Amino acid sequence: MEWAGIPAAELNIPLTLTSGQSFGWHELENGRWIGAVGETGVLLEPEEDGFRWATWPEGRWDVIQRYLALDVDIEGLYRTWTAADASFALLIERFRGLRVLRQSADTVLCAFVCSSCNNVPRIARMIRALARMTGRRIIAPWAADLFAEPSLTHVGRLAEDVLREAGFGYRARYLAQLGTRIAAQGTDSLSELAFLRWDEARTRLMALPGVGPKVADCVGLFGLGHDHVIPVDRHVRRYVVSRHRPDLAGKSLTTNVYTALASAFRGIMGPYAGWAQQYVFMAARTRRDSDS
DNA sequence: CTCCGCCCTAGTG
DNA sequence: CACTAGGGCGGA
């Protein structure tokens, strides 16, 4: 394995890989993490002052560097956030090194269409099942049971009843329709959305079956590299309402309220508000007592 | 424009 | 058994 001298304070690998953005990773008993980035197999071994890594095919540091968004100066983000909101220092202290991953739009779309009214363990099971059904096996010397991430073209070949049989529930129809819809547009994947302005890409995403504001924003942030985009889920909603928009307490999450909450949070946290959102989400998710 | 019931399933109290 | 888990959709 090769060495990368990026300390845990700038990249907390276990935290980032389990923070609910990506669902295909699993941890070995020796503390190593195995997953697929597209069709590349990846092995990570985190330590305090850096991490060891390997890929299959070998030597793909470019894949790792991009996936982990190592070009982003996270210390700079911390300074910006604490200057904007001093109380954010607590969240940074708790989740230091948490990063937003740069995934493919295809993968993110499949994952978050499956996320509705669902829990993380089950979403992870679904994504692994999808990869197994659609992807190609990655034969790495250090991985016994690894598959490439699902792409929409492959998902499009799966019939709805096959997906239902595999336990996807009502999301089976969305996935099956997504595949045929993308094929009908004559495009191989969603990557072309990366060349559009975000508001236009978002409109196109929301025209797809099973894709509303929340899922579209997940694709924007996790899959298209739009760092300012904030998926407003129940956790982020509660945080922004209580801290910044108490006037919106008790109002149901309509399009207008959704937009108001997102712009309030973005107005304070700035161009990397999507990254900040990930910290708020983690804090709410790992809190064990009841809410206010 | 807002509200509400429904969609599937597995895990929890 | 009742309830919930990181939504979206269609009808009222």
Side-chain angles (χ1 to χ4, degrees), chain A residues 15-25 91 95 98 100-101 103 105 107-130 133 155 158-179 181 202-223 229-242 245 247-262 265 273-291:
Chain A
L15 180 61
T16 300
L17 297 183
T18 58
S19 63
Q21 338 171 28
S22 173
F23 302 93
W25 292 88
L91 292 179
F95 304 112
L98 172 61
V100 167
L101 299 169
Q103 308 176 67
T107 303
V108 176
L109 184 58
C110 292
F112 284 91
V113 162
C114 293
S115 76
S116 86
C117 275
N118 211 343
N119 52 68
V120 172
R122 188 174 168 218
I123 299 169
R125 267 200 309 278
M126 286 178 170
I127 295 307
R128 277 195 296 273
L130 206 55
M133 288 189 288
V155 171
L158 300 173
E160 176 182 339
D161 54 353
V162 172
L163 289 164
R164 278 189 188 268
E165 202 61 31
F168 284 79
Y170 62 85
R171 307 161 193 88
R173 187 186 327 150
Y174 294 147
L175 285 177
Q177 287 178 346
L178 278 173
R181 187 80 69 92
R202 188 175 194 259
T203 303
R204 291 208 196 182
L205 283 166
M206 285 178 57
L208 296 170
V211 182
K214 163 65 166 48
V215 173
D217 286 348
C218 285
V219 175
L221 175 62
F222 302 135
V229 170
I230 305 149
V232 179
D233 58 40
R234 32 185 266 116
H235 301 314
V236 174
R237 174 189 179 189
R238 186 174 53 209
Y239 179 88
V240 179
V241 164
S242 66
R245 291 298 300 267
D247 56 308
L248 296 178
K251 306 206 68 167
S252 63
L253 193 54
T254 60
T255 306
N256 286 336
V257 174
Y258 186 104
T259 306
L261 292 174
F265 190 71
W275 290 56
Q277 168 271 351
Q278 198 64 13
Y279 287 68
V280 172
F281 173 72
M282 282 304 288
R285 214 187 65 171
T286 58
R287 181 171 57 180
R288 48 174 215 250
D289 59 336
S290 61
D291 49 297

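Letters A, B, ... are given to chains in the order of the sequence lines, protein chains preceding strands, and every chain is numbered from 1. Only a predicted model underlies this, so the values are computations on that prediction, with no experimental measurement involved.
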L130(A) and C110(A): CA distance, side-chain angles, deciding distance, side-chain contact (heavy atoms from CB on, under 4.5 Å) verdict: CA-CA 9 Å; L130(A) 206 55; C110(A) 292; 3.9 Å; yes
Residues touching DNA chain B, which here means a heavy atom under 4.0 Å, drawn from residues 206-223 of chain A: none
Partner residues of Y174(A) under the ring pair (Phe, Tyr, Trp, His ring centres under 6.0 Å) criterion, sequence neighbours left out: none
Nearest-Å distance once atom P is located in both dG6(C) and dC4(B): 22 Å
Q21(A) (side chain) donor-acceptor with L101(A) (main chain) under 3.5 angstrom: yes
F281(A) vs Y174(A), nearer the 5' end of DNA chain C by closest nucleotide: F281(A)
Side-chain touch L178(A)/P209(A), heavy atoms, less than 4.5 angstrom: yes
Separation of atom NZ in K251(A) from atom P in dC4(B), rounded to whole Å: 13 Å
Any S115(A) side-chain nitrogen or oxygen under 4.0 Å from OP1 or OP2 of dG7(C): no
Pairing of D217(A) and R202(A) as salt bridge, 4.0 angstrom limit: yes
F112(A) ring center near F23(A) ring center (under 6.0 Å): yes
With sequence neighbours excluded, residues passing side-chain contact (heavy atoms from CB on, under 4.5 Å) with R204(A): E192(A), L193(A), L196(A), E200(A)
Among Y279(A), F265(A), F281(A), ring-ring contact (aromatic ring centres under 6.0 Å, His included) partner for H235(A): F281(A)
Spacing of the P atoms in dC3(C) and dG5(B) (rounded, Å): 14 Å
Structure string for DNA chain B in dot-bracket form, Watson-Crick and G-U at under 3.5 Å, | interchain: .||||||.|||||
Spacing between L109(A) atom CG and dG8(C) atom P, to the nearest angstrom: 11 Å
Flag, side chain of Q278(A) to backbone of L98(A), donor-acceptor distance under 3.5 Å: no
Whole-Å distance separating the CG atom of N256(A) from the C1' atom of dT2(B): 10 Å
Flag, side chain of R171(A) to backbone of F168(A), donor-acceptor distance under 3.5 Å: yes
Whole-Å distance separating the CE atom of M282(A) from the C1' atom of dG6(C): 12 Å
Protein-nucleotide distance (L248(A), atom CG; dT2(B), atom C1'), rounded to Å: 14 Å
Length of the CD1-C1' vector between I123(A) and dA5(C), whole Å: 8 Å
Gap in Å between the two P atoms, one belonging to dG10(C) and one to dC8(B), rounded: 13 Å
B/S/- contact track for nucleotides 8-13 of chain B, protein heavy atom under 4.0 Å: BBSS--
Nearest-angstrom distance, P atom, dT4(C) to dC6(B): 15 Å
Counterpart residues, salt bridge (Lys or Arg N to Asp or Glu O under 4.0 Å), relative to R237(A) (two or more places apart): none
Close side-chain approach of V120(A) to R285(A), heavy-atom, < 4.5 Å: yes
